[in-house]
Every structure is written in C-alpha cells, then in structure tokens.
Amino acid sequence: MPHQDAPTPLADELREAVAAGFPLAVADLSRLVRIPSVSWDGFDHAHVEASAEAVRALAADTGVFDDIDVVQVPYGDAGKLGLPAVIATRAARNGRPTIMLYAHHDVQPEGESEVWDSTPYEPTLRGDRLYGRGAADDKAGVMAHIGAIRALVAVGGEDLDVGLVLFVEGEEEFGSRSLHEILRRYQDRIKSDVIVVADSGNWDLDTPALTIALRGAVAFNLRITTLAHASHSGMMGGAVPDAPMAAIELLSTLWKKDGSVAVEGLTSHDEHTPAYDEAKLREESGLLEGVSPIGKGDILSRTWYQPSITVTGMDIPNIRNASNTLVPSVRVRISARVAPGQTWQDAFAAIEAHLLSHAPFGAEISIEDLDTGNPFLVDSSGWAAEDALATMTEAYGREAVEIGAGGSIPFIADLVELFPGAQILITGVEDPESRAHSPNESVHLPTFQRAILSEALLLSRLNARSSD
Ligand SMILES: [Zn+2]
C-alpha cells in the first residue's frame with residue numbers, strides 16, 4: 001500500500017501519456033460541445049441521444065470495458081421515459097476496488113445568446129480557455145474520465161486490475177429525474193467501492209480541491225393572489241391590495257436588513273472556512289463598486305454553510321404590457337439553498353410556514369412545482385480521499401484543499417442511499433471563472449489537463465489498493 005507521500009506508481013509515464021493525449025482530449029471535448037444536449041423539457045432531445053451515443057463511442061474506443069449500454073428508464077407514476085445515460089463496466093481483478101466515474105453529458109440551455117461573446121455551441125479558444133455551453137459543466141468531466149482511462153491504457157492497460165464503472169448521466173441539469181430508478185435497476189452491475197463525481201471545481205486556477213460539503217436546494221413557484229379579477233388602478237388603487245404589492249411585502253420578510261435569511265427554522269453548519277476576502281468576492285461575483293455584500297460571518301461560510309434564498313423569476317406583466325391595472329395574481333420562483341446538516345424537508349417546512357404566516361393582508365398563498373435536493377457532507381477520512389488529495393497535489397504541484405460548494409448536486413443523496421458503503425470523491429474541472437450555467441461558460445485548458453492527470457494518478461493508486 002503506497003504511503004501518502006510516496007509518488008504514485010507510473011507517475012512520470014502517466015504525465016507523459018496525458019500530455020501526449022491532450023490534443024485529442026480537447027478535440028473530443030470540442031466535438032461534445034458542438035452537440036446542444038439540453039435536457040430541459042421543450043428542447044429537442046434528439047441532441048441528448050446524439051451526445052449519449054458520442055459518449056458511448058468514446059467509452060468503446062478506450063477498449064477497457066466489458067459491457068457498454070445506453071440506457072433509458074421510465075420513472076414516476078406516469079412512467080415517463082428518462083433521458084439516455086451511458087453505463088460502461090469492467091470487472092475488478094485480483095481483489096482490487098471498483099471505481100465509479102460519474103459525469104453528465106447533458107447541458108443547461110444557452111440562455112440569451114446575444115450575451116455570449118461566441119456562439120454557445122461552437123467551441124472557441126480564447127487565451128487559455130475553451131468557451132462553449134458544457135465546455136466545463138460537465139463535458140470536461142466526461143473527458144477527464146475518458147482521458148484518464150486512455151492514459152492508463154497507454155502506460156500498460158494489461159496491468160489495470162481496478163474495476164471501472166463509467167456512468168454518464170443525461171439529465172443532471174433537469175433534476176436527475178430518472179437517476180434513482182437507473183441506479184436501482186442497475187445496482188448490482190454498477191456497485192462500486194469508490195465513486196468519483198467529476199462535476200465540481202477547484203479552489204482557483206492553481207490550487208486543486210476536493211469538494212467535501214454541498215448545500216441542498218429547495219425551489220418552487222409561489223403564487224400570491226389578492227383579487228378575483230383585475231380592475232382599474234385609478235378607480236380601486238389605494239383601497240385594495242394588488243398582488244405585486246402583496247408579493248413585494250411578503251418577499252421582503254425573507255431577509256434581514258443585512259441580506260441574511262430571516263426564516264426561522266433554517267439552520268447553518270458550523271465549520272471553519274479558508275480565508276477569502278471581500279476584494280476576491282467582488283471580483284468573482286462582479287459586485288459593483290459601492291454595492292455592499294450581504295450576509296454575516298466568514299464570507300465562505302455564507303455560501304458553503306449557511307442557507308440562502310433567491311428570487312429567480314417572476315410572472316408579472318412586463319413593462320410593454322403594463323396598463324393601469326391592479327394585477328390580481330403573480331407568480332414568483334423561489335430558489336433556496338439548504339445548509340449541510342439540515343434536510344430539504346425541514347428547510348422547506350420552515351420556508352412554507354414563514355410564507356403562510358407572513359402573507360400580508362391575508363393574501364392567498366399557494367406553492368407548486370417543488371424541486372428539492374439534500375445537502376451533503378463527505379467523510380474525507382477514508383483511503384480513497386487520502387489518495388485523491390495526494391494525487392491532486394501531485395498533478396497540480398500545489399497542496400490540494402478541501403472545499404465546500406454553494407451549489408447542489410442532489411443526486412449524491414441517491415448514490416449514498418443505494419451505495420452506503422462507497423467512498424464519494426467530488427472532483428471537477430471548473431474554476432471560479434468557468435461560469436457554468438451562465439453565458440460564456442469555459443474551461444481553463446491547463447486545468448483540464450491537470451484534472452485528467454490527477455484522475456489518472458488516482459486510478460493508478462487505487463489500482464494498488466485492496467477493496468477492503
Ligand atoms: Zn454539472
């Protein structure tokens with residue numbers, strides 16, 4: 001068993017193999033980015049099928065897998081068919097552990113394309129970065145797995161004893177709706193000792209990170225209704241409340257004056273965070289000069305370990321259609337983040353109770369389209385985490401750090417439930433500039449190369465571990 005400080009077996013050879021294979025990895029990543037595999041309803045899912053097929057072919061080309069399937073599984077009461085996931089498996093030999101390599105091949109919609117500096121689905125190189133929807137989230141994750149496997153094959157695939165499960169989901173960006181059913185159905189085939197989830201990011205361009213905490217999420221549509229019908233705002237205004245007024249009143253109770261959440265019953269997680277100053281927050285968030293940050297406590301504890309509530313959309317007449325009318329009903333999309341240590345159920349109950357008890361003027365309140373995910377804390381004391389931190393440090397030449405993430409990866413709760421004994425390693429290729437989900441998403445190519453190398457080194461180390 002290698003000591004943490006001992007170099008990884010074949011480290012030099014793997015470094016060379018990753019460098020030699022990198023142009024192909026970038027070309028394959030670009031090919032994946034050209035497929036607009038948006039998993040949301042209302043988008044053409046033929047593209048998601050095409051990207052699943054492209055991933056299947058990439059897996060087949062590595063030559064290491066015994067079985068490869070593109071699977072689509074019905075879910076929910078209506079038996080709606082989920083979007084295609086790729087499952088490729090290879091059995092472990094000689095008592096070595098089995099490693100699941102997770103990523104997703106679907107993407108978020110491109111949003112307002114005029115805000116992009118280049119065409120969203122045309123991979124474009126500017127400086128050290130490759131721009132395009134999915135270039136970072138999460139097609140770079142897919143290619144980190146493929147690139148690492150290729151490097152291992154290049155240095156002597158016949159010595160590869162670890163079992164591998166490449167699992168590339170096709171609807172992560174649309175709530176992983178059929179994932180639980182896929183995991184349940186293929187449980188025996190994909191059971192793993194270690195699960196590498198390459199869908200997160202690094203501390204900065206030079207410093208690799210293992211993500212050990214994720215916030216959960218609760219999102220829903222809130223409808224606020226005060227009137228049975230619209231009426232003239234000059235005739236009735238000032239005597240009865242319109243729905244926008246009630247909504248503004250109600251929403252304003254969600255936050256304290258400092259911008260931290262004011263909902264009783266939402267909890268925080270008590271954990272030290274690395275130093276991160278206001279200047280860095282301003283730079284990374286684009287906070288305007290003269291506008292103050294919100295919240296309290298260490299800055300990173302606000303995004304990693306405290307709850308937050310954000311209004312992400314409103315259905316209300318737009319200005320073009322703004323007549324002199326009292327609007328009877330409005331809808332608001334609320335997106336809340338749940339601190340590690342609290343279940344989404346508890347968090348949702350607290351928010352719902354707050355909204356109902358604070359409804360101004362007795363306005364009618366209803367909630368629909370609930371999307372949820374539990375927060376997660378990783379146990380980073382196992383041998384797999386030790387190997388991951390050591391190989392990241394080796395690949396990046398800088399000590400790896402453990403970080404939290406403000407975003408959520410709801411399906412991790414499914415993985416934990418179905419594979420309770422597995423060690424989960426959340427890695428990724430993103431950096432603070434990657435802008436996943438936003439216009440001008442990009443991957444930093446040197447980081448992409450180091451991510452492939454650190455995963456190749458990790459698999460090489462795990463290839464020397466025993467599975468128990
Ligand atoms: Zn992702």
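Both counts, for ligands and for their atoms, begin at 1 and track the order of listing.
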Under 2.8 Å from the Zn ion (ligand 1), is there an N/O/S atom belonging to E173? no
N/O/S atom of D137 under 2.8 Å from the Zn ion (ligand 1), yes or no? yes
Do the side chain of S380 and the main chain of A385 share a donor and acceptor less than 3.5 angstrom apart? no
Side-chain donor/acceptor of N440 to backbone N/O of V115, under 3.5 Å: yes
Which single N/O/S atom of D199 lies at minimum distance from the Zn ion (ligand 1)? OD1
Which salt bridge (Lys or Arg N to Asp or Glu O under 4.0 Å) pairs, counting each pair once, include a residue from residues 409-437, with sequence neighbours left out? R129-D431
Quick check on side chain to side chain contact (heavy atoms under 4.5 Å, CB included): which of T211, V429, D137 does S200 satisfy it with? T211
